[in-house]
Number of protein chains: 2
Amino acid sequence: MKNLVSQCPIEEVMQVLSGRWPTLLIYYLKDGTKRFSDLRRDNPTISHKMLTFELRKLEDAGIVTRTEFEGYPLRVEYDLTPAGLRLVPLIDALGEWWEETGDSERVDAGALQTTSVE
Amino acid sequence: MKNLVSQCPIEEVMQVLSGRWPTLLIYYLKDGTKRFSDLRRDNPTISHKMLTFELRKLEDAGIVTRTEFEGYPLRVEYDLTPAGLRLVPLIDALGEWWEETGDSERVDAGALQTTSVE
DNA sequence: TCGTGGTTACAAAAAGGTGCGTAATTTACT
DNA sequence: AGTAAATTACGCACCTTTTTGTAACCACGA
C-alpha cells in the first residue's frame with residue numbers, strides 16, 4: 001500500500017474498490033464468515049495470489065478482518081467489519097443504478113457513434 | 001470496450017468506474033458543461049490519451065454526452081447525462097463512507113499486522 | 001500424499017506516458 | 001501581402017511501468 005494520502009476522499013475509496021475483485025469479495029462476504037478456500041470457490045477465476053493480495057488490501061482499508069486459527073491444516077476466516085457492512089448498501093446502490101440505467105442508454109458494442117452538430 | 005456482458009451488475013459498473021479517473025471526471029462534470037481542455041486543467045496529471053479514453057468509456061456507458069461543434073479551433077463539450085447525474089450522489093456516498101470510517105480503522109502505512117488467535 | 005493458506009520468482013498482459021501528426025481558421029511578424 | 005505560428009481535440013506508434021497469471025515451494029498433520 002503506497003500512497004493513500006490524496007486530496008479527495010473519492011479518490012481514496014476508489015483506490016481500494018477499483019478492479020474486478022474488491023466489490024465482488026465484499027459481496028460474497030455479506031453472507032457471513034468465509035474462509036480463503038470458500039472465496040476461491042465463490043469466484044473460481046481469481047488466482048490465489050490475487051485473492052491474498054486483494055484480501056490484504058481490504059483488511060488494510062478496514063473493510064474485512066482476518067482471523068487466523070492455530071492448528072493444521074491452517075484455518076483463516078474472513079469477515080466484514082462494521083464499516084464493511086455499512087459499505088454493502090452503497091455498492092448495491094451502484095448495481096441497481098446500473099440495472100435501472102439499462103442497456104438502451106449504453107452504446108452497443110461495435111457501433112460507436114458521436115453526436116455531431118453540423 | 002470488450003466484454004461488458006457478465007453475470008452481476010456490480011461487476012459491470014465497476015468495469016466502468018474502476019480506476020483513478022472515472023469518478024473524478026464525473027465529479028468535475030457535476031458543475032456543468034466542460035470542454036476537453038477544461039477537464040485537463042481540472043486534472044493536470046491526466047494525459048490526453050487517458051482523458052480521451054476515459055471519456056469514451058463514460059460515453060459508452062451512458063454517463064456523459066460528447067457534443068462536437070463545427071469550426072476551428074475544434075470545440076467539444078462534455079456533459080453528464082441524466083443517468084450520470086443520478087450516479088453522482090452514489091459516488092458522494094462512497095466518499096462520505098470513507099471519511100466516516102476514518103483513518104483509525106485503517107492500517108497505518110508500514111505497520112501491517114494480522115490478528116492471530118493463539 | 002493431500003489439503004490449507006500462504007510466499008516468492010519469473011513471464012505475460014494490460015495500462016499508461018510521450019511525442020508527433022492533423023484539421024481549418026485566426027493572429028502575429030516581417 | 002505573405003508566411004509562420006498557435007489554437008483544439010484528438011489518433012497513432014513506440015516504449016515504460018504496473019498489474020496479473022503461472023508455477024513451484026513451504027509448513028504441518030491426518
Side-chain angles (χ1 to χ4, degrees), chain A residues 1-4 11 14-25 28-29 33-60 64-79 112-118, chain B residues 1-4 11 14-25 28-29 33-60 64-79 112-118:
Chain A
M1 180 146 287
K2 38 186 65 167
N3 187 17
L4 263 180
E11 217 173 329
M14 290 316 291
Q15 237 167 79
V16 175
L17 298 186
S18 277
R20 270 179 88 179
W21 307 118
T23 50
L24 280 183
L25 293 179
Y28 286 120
L29 284 168
T33 302
K34 294 258 178 171
R35 298 179 54 179
F36 187 86
S37 45
D38 294 330
L39 290 168
R40 289 214 67 185
R41 262 185 292 279
D42 288 336
N43 211 314
T45 60
I46 195 173
S47 67
H48 60 270
K49 179 183 161 184
M50 268 293 100
L51 184 51
T52 46
F53 181 78
E54 296 290 348
L55 285 170
R56 299 283 184 207
K57 218 173 51 172
L58 293 175
E59 198 193 347
D60 294 351
V64 310
T65 52
R66 189 189 113 101
T67 315
E68 190 174 301
F69 294 89
E70 293 270 305
Y72 289 86
L74 237 56
R75 186 159 64 94
V76 180
E77 290 185 350
Y78 292 93
D79 280 283
L112 313 222
Q113 58 203 293
T114 278
T115 315
S116 266
V117 178
E118 332 232 348
Chain B
M1 178 147 289
K2 39 185 65 166
N3 186 18
L4 263 181
E11 215 173 330
M14 290 315 292
Q15 237 167 81
V16 175
L17 298 185
S18 276
R20 270 179 88 180
W21 308 117
T23 50
L24 280 182
L25 293 179
Y28 285 120
L29 285 168
T33 302
K34 295 258 178 170
R35 297 180 53 181
F36 188 85
S37 46
D38 293 331
L39 290 168
R40 289 213 69 184
R41 261 185 293 279
D42 287 338
N43 212 315
T45 60
I46 195 172
S47 68
H48 68 269
K49 180 181 164 186
M50 268 294 100
L51 184 52
T52 45
F53 181 78
E54 297 290 348
L55 286 170
R56 299 282 185 208
K57 219 173 50 171
L58 293 174
E59 199 193 347
D60 293 352
V64 311
T65 53
R66 189 189 114 100
T67 315
E68 190 174 303
F69 294 89
E70 293 270 304
Y72 287 84
L74 238 56
R75 188 158 63 93
V76 181
E77 290 185 350
Y78 293 93
D79 280 284
L112 313 222
Q113 58 204 293
T114 277
T115 316
S116 266
V117 178
E118 332 232 351

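Letters go in sequence order (proteins before strands), and every chain restarts at 1.
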Checklist entry - How far apart are the C-alpha atoms of B:D38 and B:R35, what are their side-chain angles, what is the distance that settles it, and do they pass the salt bridge (charged side-chain N to carboxylate O under 4.0 Å, His left out) test? => result CA-CA 5 Å; B:D38 293 331; B:R35 297 180 53 181; 5.4 Å; no

Next on the checklist: For a side-chain contact (heavy atoms from CB on, under 4.5 Å) check, start with the C-alpha distance between A:W21 and A:N43, then their side-chain angles and the critical distance, and finish with the verdict.
Outcome noted: CA-CA 9 Å; A:W21 307 118; A:N43 211 314; 3.3 Å; yes

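One can place CG of A:D38 at 12 Å from C1' of C:dT4, the figure rounded to the nearest angstrom. Per the geometry, CD belonging to B:E70 stands 13 Å off C1' belonging to C:dT25, to the nearest Å. Atom P of nucleotide C:dG5 and atom CZ of A:F69 are separated by 11 Å, given to the nearest angstrom. The interatomic distance linking B:L51 (CG) with D:dC10 (P) rounds to 8 Å, in whole Å. A straight line from CD of B:E68 to P of C:dA23 spans 15 Å, rounded to a whole angstrom. At whole-Å resolution of the value, NZ in A:K57 and P in C:dG6 are 17 Å apart. The interatomic distance linking B:L39 (CG) with D:dT8 (P) rounds to 14 Å, in whole Å. The interatomic distance linking B:L74 (CG) with C:dA23 (C1') rounds to 7 Å, in whole Å.
One finds a side-chain N or O of A:R35 lying less than 4.0 angstrom from the OP1 or OP2 phosphate oxygen of C:dG5. In this structure, A:R56 reaches the C:dT7 phosphate: one of its side-chain N or O atoms is under 4.0 Å from OP1 or OP2. OP1 or OP2 of C:dG5 lies within a sub-4.0 Å distance of a side-chain N or O belonging to A:S37. Considering only side-chain N and O atoms, B:R66 lies nowhere under 4.0 angstrom from the phosphate OP1 or OP2 of D:dA9.
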Checklist outcome for this item: Protein-proximity profile, nucleotides 20-30 of chain D, B/S/- by nucleotide at the 4.0 Å heavy-atom cutoff, equals BBBBB---BS-

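Looking only at distances, no side-chain donor or acceptor of A:R20 sits under 3.5 Å from a matching main-chain atom of B:E11.
By the 4.5 Å heavy-atom criterion applied to side chains, A:V16 and A:L58 are counted as neighbours. Using a 4.5 Å heavy-atom cutoff, the side chains of A:L51 and A:L25 are in contact.
The distance from atom CD of A:E54 to atom OG1 of A:T23, rounded to the nearest 0.5 Å, is 9.5 Å.
Listed here is the closest heavy atom pair of A:S18 and B:G19: OG-N, 2.7 Å.
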